[in-house]
Amino acid sequence: MEKTGRKIYRVHLEEDEKQCLQDRIKRGKGSAQSRSRAQILLLADEHRPGGRYKDKAIADIVGVGTATVERVRQQCVLEGIEATVERKFQENRKPRTLDGESEAKLVMLACSKPPEGHAQWSLKLLSDKLVELEIVDTISTETVRRALKKTA
């Protein structure tokens, strides 16, 4: 990105944009990632009094790597401030197999008496019973294990 020594992606913030980013940092609004991205943009602003900070200095102040600073500047120039600071919605994310209600049913089932011929519930027995009771269509034993570990 800086092969010629000149920045390709330069951040130029308007006064209202600066104020919005400063408010985000002061109020602690949003995630830690969005606050650090806001801080990066404020420090990388070309119109900053005293000039912009170098990427290495920004990285040291904010506590991130220089590659992160470069990516934040690039995203700001290409996609805008809001897209840079706000988290992206993950569209391709698979929905959870167990929601809160079905997890509660799993815990109740695990705490109940095991089926005839078994001393205790196994993960396989629990997953088969959840399908049999039509709580879920399909479920892996690993999902059952994680849900029980979380609630234990």
query: Are any of the side-chain nitrogens in Arg146 or Glu103 under 4.0 Å away from the carboxylate oxygens of its partner?
result: no
query: Is the closest basic N to carboxylate O distance between Glu101 and Lys105 below 4.0 Å?
result: yes
query: Any side-chain heavy atom of Glu70 sitting closer than 4.5 Å to one from Tyr9?
result: no
message: Within the 4.5 Å heavy-atom criterion, are Ser112 and Trp121 side-chain neighbours or not?
response: yes
query: Rounded to the nearest 0.5 Å, how far apart are CZ of Arg35 and CD of Gln33?
result: 11.0 Å
- prompt: Would Gln39 and Ile61 satisfy side-chain contact (heavy atoms from CB on, under 4.5 Å), going step by step from the backbone distance to the final call?
  reply: CA-CA 9 Å; Gln39 195 174 7; Ile61 292 169; 4.0 Å; yes
message: When you measure from the side chain of Thr143 to the backbone of Ile139, do you find a donor-acceptor pair of N or O atoms at a distance under 3.5 Å?
response: no
query: Which residues pass the salt bridge (Lys or Arg N to Asp or Glu O under 4.0 Å) test with Glu17, sequence neighbours left out?
result: none
field: Taking every non-hydrogen atom, the tightest pair across Ser127 and Thr141
entry: OG-CG2, 3.7 Å
message: Taking the side chain as everything from C-beta on, heavy atoms only, tell me whether Arg24 gets closer than 4.5 Å to Ser34.
response: yes
Any Leu41 side-chain heavy atom under 4.5 Å of Asp45 side chain: no
- prompt: How long is the span from the CG atom in Asp60 to the CG atom in Leu43, to the nearest 0.5 Å?
  reply: 11.5 Å
task: Sort out for me which residue in Ile135, Leu130, Val131 forms a side-chain contact (heavy atoms from CB on, under 4.5 Å) with Leu133.
output: Ile135
message: I'd like to know whether CG of Asp137 has more than 12 heavy-atom contacts from other residues, nucleotides or ligands below 6.0 angstrom.
response: no
message: I need the Arg73 CZ to Leu78 CG distance, nearest 0.5 Å.
response: 11.0 Å
field: Atom pair NZ (Lys26) and CG (Leu21), whose distance is rounded to the nearest 0.5 Å
entry: 12.0 Å
field: Minimum side-chain heavy-atom gap Leu125-Pro114 below 4.5 Å
entry: no
message: So, taking the atom named CD in Gln22 and the one named CG in Leu42, what distance separates them when rounded to the nearest 0.5 Å?
response: 5.5 Å
- prompt: Side chains of Thr68 and Arg71: donor-acceptor distance under 3.5 Å anywhere?
  reply: yes
- prompt: Heavy atoms, side chains only, cut-off 4.5 Å: are Leu148 and Leu126 in contact?
  reply: yes
query: Under 3.5 Å, side chain of Asp55 to main-chain N/O of Val69, donor-acceptor pair present?
result: no
- line: Value for CZ (Arg10) from SG (Cys76), rounded to nearest 0.5 Å, stands at 13.5 Å
- request: State, with a plain yes or no, whether a side-chain heavy atom of His47 is found less than 4.5 Å away from one of Lys18.
  value: yes
message: When you compare the side chain of Arg37 with that of Gln75, does any pair of heavy atoms fall below 4.5 Å?
response: yes
